[in-house]
Amino acid sequence: MLLIHCPYCDETLPEVEFTYAGEAHIARPENPSEMSDDAWQQFLFMRDNVKGDHFERWRHLHGCGRFFNAVRNTVTDKFLTTYKAGAPRPDLAALKEGQK
Amino acid sequence: MQEIWGGLETTSQNKFPSLKFDIGAVNDGAYMLFSAGFYYKTFMWPRSFWDKVYEPFIRAAAGLGVSPTEEDPDSYASRNLHCDVLIVGAGPSGIAAARVAAEAGLKVVLVDENAEAGGTLLSEPQAQIDGAAAWDWLAAELAALKAAGVKVMTRTTAIGYYHQNLIGLCERLTDHLPNLPADTPRERLWRVRAKQVVLAQGALEKPLVFHGNDRPGVMLAGSAQTYLNRYGVLVGQRPVVLTSHDSAWYAAFDLSDAGAKVQAIADTRGSVNEELLAGARQRGIPVKLGRTATATKGRLRVSSIRLNPVSGGKVGSGEDIACDAVLMSGGWTPSLHLFSHTKGTLAWDDDRTTFLPERTPEDCVIAGASRGLWGIEAVLNDGAEKGREVVAALGKSAGAHAYGVAQDRPGTGVSHKELPTDRSAGKAKAFVDYQNDVTAKDLRLAVREGMRSIEHVKRYTTNGMATDQGKMSNINGLNIAADALGRKQPSVGLTTFRPPYTPTSFGAFAGYHRGGHFEVTRKTQIDLWAEEHGAVFEPVGQWRRAWYFPQAGEDMEAAVSRECKATRASVGIFDASTLGKIEVVGPDAVEFMNRMYTNPWTKLAPGRCRYGLLCGDDGFIRDDGVIGRMGQDKFHVTTTTGGAARVLNMMEDYLQTEWPDLNVWLTSTTEQWSTVALNGPNAAKLLAPLVEGVELTEEAFPHMSCVECSVAGMPARLFRVSFTGEIGFEVNVPAPMGRKLWEALWEAGQEFNITAYGTETMHVLRAEKGYIIVGQDTDGTVTPYDAGMGWSVGKAKPDFVGKRGLARPDLVAEGRKQLVGLLTEDGSKLEEGAQIVFDPKQAIPMTMVGHVTSSYHSDAAGRPIALALVQGGHGRMGETVHIPMPDRTIAAKITSTIFVDPENARLKI
Ligand SMILES: [Zn+2]
């Protein structure tokens, strides 16, 4: 069972308090009605299936209830970091340097 | 492992037809029947043969266990534990590591699967550690550890190593006790989160693979040594020792010193060290080097073993040596199971012919024999060293300690494929996996038949797939497969170890979560009233809901029919408390509602309510419910019973991550309100005298109104809504007042013959009016237009969740499945889920064009009614479709979904 750091509670807590919520950094377009069918399909359905470092969303469902973002390696299942919703993508190279 | 005690009753699982006549002994003639790949080849045969003939026979012959049919009478516990260092294995290296960690002031847990701590020390009492006899040293050391606060747990198996140093332990508490203490669980599952883990699981002895190695009396040399030194049992008076490792020589010496007349020590190696030869000479034990074993004899127990000299790859002529036991050793395999659970990498060691641990991503070290070391002194010092490593990793320091061991038994050995023989290899039954009856011949056959990877060989032969997960057979099997493939072992590969390390009872995993504690049952405040009034219940999600209220002599059909008629004739009362409820509040509440739901909300005045439809951004219906505007900035949203949590999650997702600028608060209020629905022509008459704050007239409180008022003296939110087509009210009061409200309404309703109804009647009444149930009449591919509810879509809104999705090419295409009514021509009731075709005479397989989603007997319609999704259904009114059933094909006419009161005249007060 993973331990996950909630960036809002600033606590590292067991996985059972959290739910997974799909890939991160996929913003709903401002004006969906103006989008082409292809562009809307890309937004709606197309997701990366990363082997390695994956930007994804989690929700601290049985805690503060907040959605947040994380970088998790899908091979080792290790979290590199978690950060608040709306924050920019962290610099992966710097993160890995920090973990060495 | 099951410890024995006086009075323990056991039965053998492998006793078909009887213990004294092992059917396996006559199976050689039927070898092809049971050879490698048997299970796969068998699937070519008729299925009935498998069920009726082969499977029962094989189960019986193979001694596969019998599953109990009774409920487990025992109880099981579970617990969490956090520590600095968890040490798995309380042999010499584990104890040495614990000592170092404890001295550094760390919180240490030391676990061992055996009844006693000590590991190999228990079987080697001759050793002198730092001048003390092994058992004295062990007793003193364990006492010191406990005094230092180390938690020592025996009969505790580490069954799995999970992410971030979470280790599962199964502690067996009562199986060894003749008298069960009261209120004691049989087993306790521990979830241990350790900062550092030391794996000191030791090594497992391998059998040698030769014809006849399964005869009773042939056993591992290490087992014989443990029987003797630990339990005082001499397994044979005249044993022969057959080995490829030095360790078995010491077993021979111990048995000899205990009075056995060891007939011979046969070693596969051409030379061994002088100390061993001297030990044998001194005891008068004949030594035979460079030997192979080619057969054993004996009925029910081994009576002789045939040994042949091997030189230059040639097997010489054999001699039979009489014996009453054969003690074999094919060397030792480091126990890497938990290490492998961590995704630790292994490296092949050519000298030791085995895999050794390499790297692990977890905070974990591996010590002693489990990383290939041998001898008590070596593993003690390694344990201490690894202890210092984990202490340092936790930022502490520990002093060095060098152990000195006299009478130690270091040694080496070699590893083999099946031993060479002078007989036809095709006739040899040399077992590799004793549990699954896999022989060397099976493995070679698998390679001949094209298996190239060890994963394939394993599955084809079932080698290593029994409950021991290949602890005894993996390396021998790999050596043989690699030889057959002409490749090195690491290029053939090792199969993956998976948890649990040993078979673990389901009870231990379930722990407290069984029976009534398996899952919560949510009950409303009115549940007990329903129970007292004879309700039959059905589960809806986690809720249990009153399904119907049968009276004496009524079956379900009769009860539902009575409830439906009574509601339409006078008034029915229904517990709607399970409806999901979400309070949407804030200055931007109306904007939020406009964006979430398909409907427009801006013009809905406070005090009015509206049926809301929720779609996903793909345009498909997700949920629905009546939503009341309680104030300018406050909405009382209801959801389906099963969808409440999903809807709130979806709302929170959009609010938090897409529209964080909106000033809105979302609160689940499902459990805060008790909700009672009154429906029927007399509903207003019944309710009006109890209501303060609003007149229940068509003018003052028209259909689709909501108000905060008081009902029977209780603060209430009153909705005038109808899910039945009759005059309807939903009264919400603070949850604890639910039963009081229900009873007040029940009392007041007596003059109107008020009737309590359950979910089945609710379903019938709504279907008669064509009201959908999301998840029953929709399936995640149905749009508001498909469901005939285009009127709920606010087309003028610039955006809402699902607006763009509804314009996708496939969602506006012709020929979509659309919700319609069905009336059968013969007046029969359709089956929900039945498939629909246009042309019943077409060839099979027919083109299916939809299915029946809801179907009920309807007294109000005077015939059975159904709802269905049918391709292009809205354009096919009046057409006939066909529903093929096993015994006949039913014709049905497509109709409107509304079967009762299409003009809604009955809604008027
Ligand atoms: Zn949180």
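Quick note on labels: first sequence line is chain A, next is B, and so on, each numbered from 1. This structure is a prediction, so every number in the text was calculated from the model and none was measured.
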With a 4.5 angstrom heavy-atom cut-off, which part of [X] approaches chain A: side chain, backbone, both or neither?
X: B/Pro798; value: backbone
X: B/Asp799; value: side chain
X: B/Glu658; value: side chain

Does the cation-pi check pass for B/Arg188 over B/Tyr76, that is, NZ or CZ under 6.0 Å from the six-membered ring centre and within 45° of its axis?
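Not satisfied by the 6.0 Å and 45° rule.
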Whatever's closer than 4.5 Å to a heavy atom in chain B on A/Ser33 counts as both
Non-hydrogen atoms of chain B under 4.5 Å away: do they reach the side chain of A/Arg66, the backbone, both or neither?
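Contact with chain B is through both the backbone and side chain of A/Arg66.
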If you tally heavy-atom pairs under 4.5 Å between each of A/Phe45, A/Phe68, A/Phe67, A/Phe43 and chain B, the highest tally belongs to A/Phe67
Please identify, among A/Leu44, A/Thr19, A/Thr76, the residue contributing the most non-hydrogen atom pairs under 4.5 Å to chain B.
A/Leu44
Does a side chain donor of either B/Asp623 or B/Thr640 reach within less than 3.5 Å of an acceptor in the other side chain?
yes
Side-chain ion pair, B/Lys195 and B/Asp84, N-O less than 4.0 Å
yes
Angle between ring planes, A/His25 versus A/Tyr83, binned at 30° and 60°: parallel, tilted or perpendicular?
parallel
Anything under 30° is parallel, anything over 60° is perpendicular, the rest tilted; go ahead and classify A/Phe18 against A/His60.
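Parallel: the ring planes of A/Phe18 and A/His60 meet at under 30°.
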Whether over 12 other heavy atoms sit under 6.0 Å from B/Lys797 NZ
yes
